[in-house]
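Structure first, commentary second.
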Amino acid sequence: MTYVDTSDVSVRMFITVLLFLLIIAPMISLGVLRLFQSRRKAGLLLIGSGIAVYAVFQIAMSLIPA
């Protein structure tokens, strides 16, 4: 059995991936699902919300010094 060495992963990278997996990706995938269900307004709102969360996170991370 082998173990993965995660000591080189920065906190910023860990939080980015965690946020992406828990918030942004589900919002976008639910938005696509709503578009296939012909719920255009709800689908576009979810996709837009996912993109907005990503943009706000990028702005917040650029303000915090590394």
Side-chain angles (χ1 to χ4, degrees):
M1 178 168 21
T2 61
Y3 293 100
V4 177
D5 182 23
T6 58
S7 62
D8 293 333
V9 177
S10 67
V11 174
R12 178 178 280 188
M13 176 61 101
F14 179 77
I15 292 173
T16 303
V17 171
L18 187 69
L19 181 71
F20 181 77
L21 290 175
L22 291 177
I23 297 175
I24 299 167
M27 286 181 116
I28 292 174
S29 64
L30 281 173
V32 171
L33 177 67
R34 296 293 187 256
L35 288 175
F36 278 116
Q37 293 175 343
S38 298
R39 296 180 176 175
R40 182 179 169 116
K41 185 178 179 183
L44 293 176
L45 183 66
L46 280 167
I47 292 172
S49 298
I51 293 170
V53 168
Y54 177 74
V56 167
F57 178 73
Q58 288 298 320
I59 291 169
M61 291 307 283
S62 69
L63 296 176
I64 299 172

Legend entry - Listed partners of Leu21 passing side-chain contact (heavy atoms from CB on, under 4.5 Å), at least two apart: Val17
Inset, instruction - Using a cut-off of 6.0 Å, state whether more than 12 heavy atoms not belonging to Phe57 lie near its atom CZ. - result: yes
Legend entry - Hydrophobic cluster (4.5 angstrom, side-chain heavy atoms) - remaining members for Phe36: Val32, Leu35, Leu44, Ile47, Ile51
Inset, instruction - Identify, with sequence neighbours excluded, every residue that meets side chain to side chain donor-acceptor pair (under 3.5 Å) alongside Asp5. - result: Ser7
Legend entry - ILVMFWY network linking Ile15 to Val56, side-chain heavy atoms under 4.5 angstrom: no
Legend entry - Same apolar cluster (I L V M F W Y, side chains within < 4.5 Å links), Val53/Leu30: no
Legend entry - Ile59 CD1 to Leu63 CG distance, which is reported to the nearest 0.5 Å: 7.5 Å
Inset, instruction - State plainly whether one hydrophobic cluster holds both Ile23 and Val11, where clusters connect Ile, Leu, Val, Met, Phe, Trp and Tyr through side-chain heavy atoms under 4.5 angstrom apart. - result: yes
Inset, instruction - Could you pull out all residues at least two apart from Ser10 that satisfy side-chain contact (heavy atoms from CB on, under 4.5 Å)? - result: Arg12, Met13
Legend entry - With sequence neighbours excluded, residues passing side-chain contact (heavy atoms from CB on, under 4.5 Å) with Phe20: Ile24, Ala25
Inset, instruction - Sequence neighbours left out, what passes side-chain contact (heavy atoms from CB on, under 4.5 Å) with Ser49? Give chain and number order. - result: Met27, Leu45
